[in-house]
Number of protein chains: 2
Amino acid sequence: MPKRVAVEIERSLRERLASGEWASTGRLPTERRLAAHYGVARNTLRKAIEGLVREGKIFRHVGRGIFVNREPSPIEQIFHVLRDVSPADLLAVRQIVEPQAAALAASHASRAQIEAIAEAHRMGCESGEIALFEQWDAEFHQRIFAATRNELLFAIHRLLSLIRQQNAWIDLKRESFGEEQRRNYCRSHARILEALRRRDDVAAEREMRLHLEETRQALFGRH
Amino acid sequence: MPKRVAVEIERSLRERLASGEWASTGRLPTERRLAAHYGVARNTLRKAIEGLVREGKIFRHVGRGIFVNREPSPIEQIFHVLRDVSPADLLAVRQIVEPQAAALAASHASRAQIEAIAEAHRMGCESGEIALFEQWDAEFHQRIFAATRNELLFAIHRLLSLIRQQNAWIDLKRESFGEEQRRNYCRSHARILEALRRRDDVAAEREMRLHLEETRQALFGRH
DNA sequence: TTACAATGAACCAATAGTATACCAATTAAG
DNA sequence: CTTAATTGGTATACTATTGGTTCATTGTAA
């Protein structure tokens, strides 16, 4: 029978790969070098590595080379997801988290923190430009999370803010954002702030929920 | 093989930056000087520093030069917080997020996803060792988040799981975790699963809320 | 002979790096 | 204030290397 050199080479490459021989640099020699190393034609070597490619143990790029498939760390995996989250998913999470955060803030906020929230509300309502309003709008929500006195909750909110900043679909919102909408938001913020001042966690939760429903309709229309 | 000089230079610059070589003046040499130092074209050097710019470790100004950014990037700041979150804060966030996630799962889960949740429940109840039970317990909750079909929500849950894994205070829980508690958890899981099977989002939310209250009492005692 | 593995060669397309020029913002000297 | 030099930002042309592909040819076992 024919010598079947390819399967021998494939076995050898599997061993060398498992031994971590290429793990440090993360890349293998070129096909031509490997072929020369095994004293074999490039076609034969390509047959030998096709199985490894199909199994996902290695992957190749034209003009670059052959690389070992390194499993990304859990954190890397998570952040890979965060890069392209849909606006619908983001809003759904906000609708889960923010009303409860408002309730917590009503219970836990210091007087200074509530005044900081009030300041953000006032600056937002008084600001003329849309860009400035959006900045104070973000500040308003952020200060509510800070007032929960829950570091983890605050961190999650900053994470959500980061997603909003680095995703382009936020521009869609800006187009559909007029003067009337701005006044509505301002009134909603006022009701939330009022509930916080009264330390009324139930009302704060409700008003924040209504505010986010308002936001949802501005983005996606009513259901 | 293509030399990939840029990657090497990027690694070198990362080291020199971390070592504080440019910390005193706060600025790096010009692109042309750095390129000459590494004996490389300016294009290549620019590729090498693009990653550092994207991560916010350095920033550039036309006509001025390249400067080191003393402030950690937003993501680094967030993760610095995540490293030492109190168990109380973590549980509070779980109590906010997980009941709503259960409700979403009841509405959005596929039949296969519900069966996957049921499997995790069954394996957990049948497992003899505590360690094995905890593994399936985590899997139970994770699969509920997967069933929400909200990628961001799923990512947040994996983030919370990471925090639990890398913080040492989880050991406190294990000490206070007996056979009776395990049976209680198993019954709670069964009620949650039943609600999911009925597509009853209100019941799923309620049962998950009760389950987390149960967890809170196991950790901190009753209020 | 026949079937199949392997060879050797050629060419394509993608990528990395080099070299060069020009632009716009900034800075410093006159 | 004006002007020249410096610096990062950008674009283009060119070279070399690498994986992707095809094809004619050779060698060997059935």
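Side-chain atoms are counted along with the backbone in the values below, which use heavy atoms only and exclude waters and symmetry mates. Remember, it's a predicted structure, so these values are computed and weren't measured experimentally. Here is how names work: the chains are called A, B, and so on, in the same order as the sequence lines, proteins then strands, and each is numbered from 1.
- Relative to the ring axis of B:F145, B:R143 does not place its NZ or CZ within 45° and under 6.0 Å from the centre.
- Going from atom CZ of A:R4 over to atom P of C:dA3 covers 18 Å, rounded to whole Å.
- Distance B:E10 CD to C:dA16 P: 13 Å, rounded to the nearest Å.
- Electrostatic pairing of A:E205 and A:R209 counts as a salt bridge here, judged by a charged N lying under 4.0 Å from a carboxylate O.
- The listed nucleotides are D:dT10, C:dA25, C:dG8; the one nearest the side chain of B:V62 is C:dA25.
- Defined by atom type and a distance below 3.5 Å, a donor-acceptor pair is present between the side-chain atoms of A:H211 and A:H189.
- Note on B:E10 versus B:K47: no salt bridge recorded, every NZ/NE/NH1/NH2 to OD/OE distance being 4.0 Å or above.
- A donor-acceptor contact under 3.5 angstrom links the side-chain atoms of B:R42 to the base of D:dG9.
- In this structure, the NE2 atom of B:H61 is 9 Å from the P atom of C:dT27, given to the nearest Å.
- Residue A:I49 contributes atom CD1, which lies 12 Å from atom P of D:dT21 at whole-angstrom precision.
- When rounded to the nearest whole Å, the span between CZ of A:R46 and P of C:dT7 equals 15 Å.
- The side chain of B:R32 has D:dG9 as its nearest neighbour among D:dG9, C:dG8, C:dT18.
- Salt-bridge check for A:R46 with A:E50: failed, with every basic side-chain N at 4.0 Å or more from each acidic carboxylate O.
- Using a 4.0 Å cut-off, some side-chain N or O of B:T44 falls inside it from OP1 or OP2 of C:dT18.
- Within the structure, every side-chain polar atom (N or O) of A:R64 is placed at least 4.0 Å from both OP1 and OP2 of C:dA14.
- Phosphate proximity of D:dT7 to B:R60: absent, as no side-chain N or O sits under 4.0 Å from OP1 or OP2.
- One interatomic measurement links the two molecules: CZ of B:R33 to C1' of D:dA5, which rounds to 14 Å at whole-angstrom precision.
- Judged as a ring-ring contact (aromatic ring centres under 6.0 Å, His included), the pairs with a partner in residues 73-129 of chain A (not counting sequence neighbours) are, in order, A:F79-B:F79.
- The residue among B:A41 and A:L45 whose nearest nucleotide of DNA chain C lies closer to the 5′ end is A:L45.
- Using modelled atom types, one finds a donor on one side chain and an acceptor on the other under 3.5 Å when comparing B:S12 with B:Y38.
- As a whole-Å value, the separation of B:N43 CG from D:dA13 C1' is 12 Å.
- When each of C:dG17, D:dT22, C:dT26 is scored by its nearest atom to the side-chain atoms of B:V5, the top-ranked nucleotide is C:dG17.
- Taken residue by residue, residues 22-31 of chain B places heavy atoms nearer than 4.0 Å to DNA chain D at B:T30, B:E31.
- B:I66 places its CD1 atom 15 Å from the C1' atom of C:dA25, with the value rounded to the nearest Å.
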